[in-house]
Amino acid sequence: MLKHRPAKFKLPTGKCYITEIMELLGGTWTPALLWNLSDGARRFSELKSYLAPISSKMLSSRLSQLQKKNVIKRIVMDTKPPSVEYELTDLGIELLPAIEKMAQIGARLRDYSENGK
């Protein structure tokens, strides 16, 4: 008979932490977008070309969502005409190891499904 073991820590009421991060990273294009910002700030057109075939509407939507979550920041350059760059915040930088690990596991899963190994 299994005995009930007490939880090591209490989960907060409301949304689970795992659900919170998966809602963020589970969005279409989000991990790839964050990965493309890992080398530094990028303009909208650069991101769009790196993430082809993403639509401008989808890219704009993802950038807006990530800004609201404080994962990226929008930097308006004082140029003529004005230009905008997007860059990871400290929180966004913290996500990079998790994204890299997910990519490594994804590669192993693909190798297993293709080769049975």
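The chain is numbered in sequence order, starting from 1. These numbers come from the heavy atoms of this one structure, side chains and all, not from hydrogens, waters or symmetry mates.
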Atom pairs and distances, donor-acceptor, side-chain atoms in residues 92-102, under 3.5 Å, two or more places apart:
none

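- Rounding to the nearest 0.5 Å places CG of L24 at 8.5 Å from CD of Q65.
- Listed by first and then second residue, the salt bridge (charged side-chain N to carboxylate O under 4.0 Å, His left out) pairs that reach into residues 63-74 are E20-K69, K73-E87, sequence neighbours excluded.
- Contacts classified as side-chain hydrogen bond (donor to acceptor under 3.5 Å, both in side chains) and involving residues 50-61 (residues at least two apart or in different chains) are not found.
- T30 contributes atom OG1, which lies 9.5 Å from atom CG of L63 (distance to the nearest 0.5 angstrom).
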Checklist entry - Does the pair W29 and L59 meet the rule for a side chain to side chain contact (heavy atoms under 4.5 Å, CB included), with working shown? => result CA-CA 8 Å; W29 299 105; L59 179 55; over 6 Å; no
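- Hydrophobic cluster membership for I105: L109 (Ile, Leu, Val, Met, Phe, Trp, Tyr linked by side-chain heavy atoms under 4.5 Å, directly or transitively).
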Quiz: residues 33-41 side-chain donor-acceptor pairs under 3.5 angstrom, not counting sequence neighbours:
from, atom 1, to, atom 2, distance (Å)
N36, ND2, A32, O, 2.8
S38, OG, W35, O, 2.6

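- Take E46 and apply the salt bridge (charged side-chain N to carboxylate O under 4.0 Å, His left out) test, not counting sequence neighbours, and it matches no residue.
- In this structure, the separation between CD1 on I75 and CZ on R43 is 13.0 Å, given to the nearest 0.5 Å.
- Rounded to the nearest 0.5 angstrom, I72 CD1 and S64 OG are separated by 8.5 Å.
- The main-chain N or O of N70 is found under 3.5 Å from a side-chain atom of T89 such that the two form a donor-acceptor pair.
- Note: the hydrophobic cluster containing I18 also contains L25 (ILVMFWY, side chain heavy atoms under 4.5 Å, direct or indirect links).
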